[in-house]
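Quick caveat: nothing in here was measured; it's all calculated off a predicted structure. First the proteins, then the strands, lettered A, B, ... as listed; each starts at 1.
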Amino acid sequence: MASIWEYANPRKFMATSEALLPWTVGLAAATLGVGLVWGFFFTPDDFRQGSTVKIIYLHVPSAVMAINVWIMMLIASLIWLVRRHHVSALAAKAAAGIGAVYTMIALLTGAIWGQQMWGTWWEWDPRLTAFLVLFLFYLGYMAMWQAVENPDAAADLTTVLCLVGSVFAVISRYALDFWNQGLHQDRFQLLDGESDVSPVFAVPLLICIAGFALVFVALVLYRTRTEIRARRLRALLTQERLA
Amino acid sequence: MTLGVHDLSVGRGDVQVLTGVGFTCAPGSALVLRGPNGSGKTTLLRTLAGLTPPIAGRIEAAPEAIAYAGHSDGIKAQMTVAENLTFWARIAGHRDIATALDAFDLGSLSERRAGELSAGQKRRLSLARLMVTGRPIWCLDEPTVSLDTENTARFARAIAGHLGRGGIAIVATHIDLGIGGETLDVSRFAAQSLRPDDPFAGDWSA
Amino acid sequence: MTLGVHDLSVGRGDVQVLTGVGFTCAPGSALVLRGPNGSGKTTLLRTLAGLTPPIAGRIEAAPEAIAYAGHSDGIKAQMTVAENLTFWARIAGHRDIATALDAFDLGSLSERRAGELSAGQKRRLSLARLMVTGRPIWCLDEPTVSLDTENTARFARAIAGHLGRGGIAIVATHIDLGIGGETLDVSRFAAQSLRPDDPFAGDWSA
Amino acid sequence: MKAVLARDLTLAFRAGGGFGLALAFFLIVVILVPFGVGPETDTLRLIAPGILWLGALLACLLSLDRIFQLDWEDGSLELLATSALPLETLALAKALAHWLTTGLPLVVAAPAFGLLLNLDPAAYPWLVAALLAGTPGLSAIGTFGAALTVGIRRGGLLLSLLVLPLYVPTLLFGAMVASRAAEGLDPLPPLALLAGLTLGAVAAMPFAAAGALRIALR
Amino acid sequence: MKAVLARDLTLAFRAGGGFGLALAFFLIVVILVPFGVGPETDTLRLIAPGILWLGALLACLLSLDRIFQLDWEDGSLELLATSALPLETLALAKALAHWLTTGLPLVVAAPAFGLLLNLDPAAYPWLVAALLAGTPGLSAIGTFGAALTVGIRRGGLLLSLLVLPLYVPTLLFGAMVASRAAEGLDPLPPLALLAGLTLGAVAAMPFAAAGALRIALR
Ligand code: HEM
Ligand SMILES: Nc1ncnc2c1ncn2[C@@H]1O[C@H](COP(=O)(O)OP(=O)(O)OP(=O)(O)O)[C@@H](O)[C@H]1O
Ligand SMILES: Nc1ncnc2c1ncn2[C@@H]1O[C@H](COP(=O)(O)OP(=O)(O)OP(=O)(O)O)[C@@H](O)[C@H]1O
Ligand SMILES: [Mg+2]
Ligand SMILES: [Mg+2]
């Protein structure tokens with residue numbers, strides 16, 4: 001059987017991802033479309049929050065994904081560190097931009113929601129703060145990729161950074177379990193039996209989360225391809241110069 | 001202590017500059033690296049010194065045996081000549097700087113701030129630094145730049161002394177140094193291609 | 001445009017290095033400055049270029065006529081060779097960099113980032129910069145450092161062309177450049193004393 | 001002048017050029033303050049305009065030493081000084097490039113950072129107006145300071161020390177604009193003073209900076 | 001190790017070395033704050049511990065890029081890397097030298113600056129204790145950041161961006177010590193946490209920094 005590591009070869013990856021990309025894009029668009037339309041137009045308003053509750057379909061998926069993306073970057077970076085697969089490092093680089101945008105969406109929607117719910121745009125509770133620090137790590141991570149000339153050195157250095165930032169990713173997910181304080185919504189268990197969110201909201205929300213995840217997969221494939229092409233271009237230019 | 005280099009490929013950034021480099025230096029022998037601008041002398045010396053990892057091949061000599069002196073010399077402008085030398089001597093684990101000062105006639109300059117030296121005086125200081133490292137293999141990149149004739153002769157004497165003590169010297173230069181030794185033209189090994197291990201290179205059309 | 005220097009005293013910091021320097025350069029002539037390390041060649045050139053004010057004496061030539069090239073070359077590592085040259089050409093008020101690129105065979109390197117050049121290639125870039133300034137008097141401090149024989153010849157041709165157009169070149173060097181011209185040994189003017197205008201010097205006992 | 005401006009902007013956008021980092025630093029200062037002083041909303045609202053200005057000022061400060069130091073280190077500055085370009089024009093071009101890469105992004109982003117500190121809604125437009133009027137002055141004064149400290153290896157801290165006192169009036173009036181707006185008072189007088197300060201700084205700076213450069217290069 | 005330490009201290013005390021400038025910067029930040037937030041004594045007293053910590057942190061930050069950058073520029077770092085000295089030891093010596101020239105003076109001077117901000121008298125000893133426990137951690141984390149950004153020309157701003165988020169916990173607990181003391185609460189728990197953070201940073205830093213240096217020098 002072919003080893004999974006074959007896909008770490010850029011050429012192999014380009015071929016496979018080319019075949020996969022249309023499907024992922026289609027699936028992502030469909031899932032996200034269904035989830036958002038369902039959530040926005042076919043769910044009742046909340047008795048307490050009115051139509052504001054619909055922000056949930058943007059806020060929760062983007063917040064969840066913002067953290068997941070960082071964890072994915074961590075895994076990709078570690079693969080680079082251990083096995084020196086270039087595609088893996090480039091995937092981490094490609095994911096950072098998406099993760100940062102998700103984080104920003106979560107921050108913005110959270111702020112708007114907070115303005116409605118808590119009467120303030122921002123609160124300094126542990127989870128929100130850790131999340132904001134995570135955003136800073138996204139920025140620093142991208143700046144680091146920008147600043148270092150040599151791609152291999154950049155990959156190594158950003159890996160170190162990614163490792164350190166993971167602490168804050170974990171805190172922004174589990175802060176409430178540690179400190180059990182703060183204004184922010186408790187972690188609700190969408191999947192276990194006694195969900196505290198009525199299924200009317202939960203099902204479209206789950207679809208939205210899946211949609212955001214698929215959008216991420218599609219974008220990351222796309223951006224990784226772009227990164228590979230950029231490296232390829234660089235190699236070709238160098239080759240031409242040397243010829 | 002012999003320096004053996006076998007089938008070495010060296011590069012800078014994405015580019016492989018030299019490939020298949022091989023030579024051996026017995027104790028007491030010098031090797032002069034020659035080659036036109038951009039042929040890869042500096043790259044080879046940096047790789048020997050352990051500053052750049054080789055692309056392929058083997059270097060037979062502990063990196064702790066090698067002292068490197070390149071274009072930038074690690075001299076602190078705010079410290080005096082003697083303080084600069086003492087620092088490097090202490091890092092190398094001993095304290096005698098008098099021999100090195102003498103070898104390059106720095107005695108009269110030893111209390112001067114290094115920032116107030118002329119180009120040639122600075123160069124002498126960085127050559128003196130080599131002597132205090134006490135390492136057997138010297139890798140020198142254009143060591144006589146800015147030196148006048150008298151000091152070039154001093155440098156040749158220092159090299160001769162080092163070889164006489166069983167040391168080895170690898171020297172890249174464009175001009176004649178009068179230190180004897182074999183000459184190696186690095187352009188023989190010119191590769192100037194992408195690194196062979198670059199997965200983004202090669203023909204992708206297939 | 002003639003360069004005349006009359007009874008010039010030059011110094012660095014508190015120290016007067018040369019005194020009584022005098023020479024004239026007619027258009028089309030070169031002057032080679034020689035002298036052992038630390039004798040004051042760099043100091044003299046910097047003074048001529050207007051970077052260091054003279055202690056005494058007169059320099060007959062507008063500072064706008066003089067282009068200086070010293071040890072540091074004002075090259076931005078992040079910009080390409082062509083971008084670097086274009087910048088200096090624009091500062092000088094014109095846009096043609098092709099001649100300068102040709103003169104030092106930089107055509108094939110023009111899209112390279114300047115940070116990725118070897119020592120000799122960088123030196124060629126900084127010599128090419130001189131040509132785009134379009135100034136008649138060149139003050140060069142050890143210009144052929146790091147250049148191989150082929151490029152030293154190129155440099156000699158560039159100087160010859162410049163002199164042929166009625167330019168002037170003052171060149172400090174330790175090695176033979178093959179550019180002809182008169183030779184001036186600066187150690188003739190050696191002063192190595194405190195600045196004569198230093199009010200804290202002299203005999204205070206009286 | 002255009003050549004210098006174009007080059008500085010190019011360098012800022014190239015790898016390691018540092019564009020956008022001032023913004024990031026601003027953000028970080030704004031985030032750190034609540035940690036230091038505690039997250040009580042009322043306290044924060046009270047000190048918000050001051051902190052925003054302080055953040056902008058520190059972010060600006062941190063990038064000042066790039067203005068001349070890099071050019072000095074690689075010898076460009078000496079060559080520019082002996083070129084046909086007057087040093088006054090050089091200083092002006094440098095200040096403009098600094099403002100475009102540092103001040104302008106801060107102005108654009110400030111309202112978003114105001115949210116983090118619970119700035120009073122009435123103060124937002126005034127905050128932006130004040131930053132727009134004040135930051136060019138910060139760049140101009142900073143360029144002067146950078147010219148004074150060029151040639152001193154790692155003059156960064158010394159530079160801050162020289163420049164910060166000069167920033168006091170700008171900070172004072174700048175913070176006053178936003179806080180007066182938040183309290184419902186007329187913010188125009190300090191704004192006018194701020195604009196006056198900036199105009200004065202921009203007008204006088206090129207000469208002062210050029211003078212300082214001439215001395216430093218000697 | 002001792003040789004490096006001695007050299008760094010010598011360099012710091014020589015002209016242009018920057019000793020004492022951190023202190024001056026600290027002072028200026030502390031002075032600017034009242035201009036920014038207004039001179040009301042109560043507000044000041046409230047935010048004093050936070051501002052003092054913020055000032056210390058920023059002063060520390062500003063000198064971080066000296067740690068490795070100068071040595072990298074003049075080639076010393078490459079020579080040290082090929083010398084017999086392990087890079088871990090080098091990083092430790094550098095962090096220690098940074099703390100001795102930056103952190104320690106801040107600790108000593110902080111009570112005086114507290115006066116300027118009307119710090120509560122009860123808080124003084126605790127402020128000093130907290131700074132003493134916290135600033136070595138700042139130096140250690142900063143050394144790690146400096147190692148990450150060495151070789152990036154003027155990485156100063158990037159360095160701040162990377163390091164400041166890591167300073168958040170130290171700032172948080174540090175300010176908490178003094179403010180709890182001012183409010184009459186028990187300041188020991190945050191102080192213990194602070195010391196723990198510092199110990200962790202000092203223990204882990206040399207290895208992380210040496211790793212980063214190896215990559216940067218390659
Ligand atoms: C700027 C303010 C806000 C930020 C930065 C923020 C951030 C976050 C983060 C980091 C998560 C966790 C994602 C995960 O664990 O994977 C989350 C989840 C969530 N947020 Fe927010 N949030 C904000 C405001 C709000 C507001 C105002 C509400 C509603 C009243 C809200 C409701 C939720 C809910 C229901 C979840 C899902 C619960 C969970 O899985 O833990 N958020 N948000
Ligand atoms: N940092 C770098 N990144 C990429 N390529 C580089 C770098 N430095 C040098 N090169 C390239 O590698 C090749 C070899 O350079 P190297 O410095 O080893 O030459 P050299 O023989 O020392 O030349 P010189 O005689 O000019 O010093 C050159 O073509 C050069 O352009
Ligand atoms: N910045 C400085 N401050 C004080 N003195 C200096 C400074 N730079 C050089 N000197 C001293 O001035 C004298 C002349 O130096 P200069 O650099 O002009 O010599 P040079 O002829 O160019 O020598 P080289 O051949 O070594 O380049 C020397 O004795 C030197 O030590
Ligand atoms: Mg070389
Ligand atoms: Mg000289």
S.K.: Less than 4.5 Å to any heavy atom of chain D: does that hold for the side chain of C:I75, its backbone, both, or neither?
M.R.: backbone
S.K.: Do any of residues 115-154 of chain C come closer than 4.5 Å to chain D, heavy atom to heavy atom, and if so which ones, in number order?
M.R.: C:R129, C:R135
S.K.: Just how far is it from atom CG of D:L80 to atom CZ of C:F87, taken to the nearest 0.5 Å?
M.R.: 5.0 Å
S.K.: Would you say that D:V4 contacts C:R90 through its side chain, given a criterion of any heavy-atom pair below 4.5 Å between the two side chains?
M.R.: no
S.K.: Are there over 12 heavy-atom neighbours, none belonging to C:D14, within less than 6.0 Å of that residue's CG?
M.R.: no
S.K.: Looking only at heavy atoms, which of residues 84-97 of chain D get nearer than 4.5 Å to chain C?
M.R.: D:A84, D:L85
S.K.: In plain terms, say whether D:R7 and C:E83 are close enough for a salt bridge, that is, a side-chain N and a carboxylate O under 4.0 Å apart.
M.R.: no
S.K.: As an exercise, state the distance from CD of C:Q78 to OG1 of D:T10, rounded to the nearest 0.5 Å.
M.R.: 10.5 Å
S.K.: Looking only at non-hydrogen atoms, find the nearest pair between C:R46 and D:L217 and report the distance.
M.R.: NH2-O, 4.0 Å
S.K.: Distance from D:K2 atom NZ to C:I91 atom CD1, nearest 0.5 Å?
M.R.: 12.5 Å
S.K.: Taking the side chain as everything from C-beta on, heavy atoms only, tell me whether D:T82 gets closer than 4.5 Å to C:L51.
M.R.: yes
S.K.: Side chain, backbone, both or neither: which part of D:L77 has a non-hydrogen atom closer than 4.5 Å to chain C?
M.R.: neither
S.K.: Side-chain contact, heavy-atom cut-off 4.5 Å: C:S72 with D:D74?
M.R.: no
S.K.: With rounding to the nearest 0.5 Å, note down the distance linking OH in C:Y68 to OG in D:S83.
M.R.: 15.5 Å
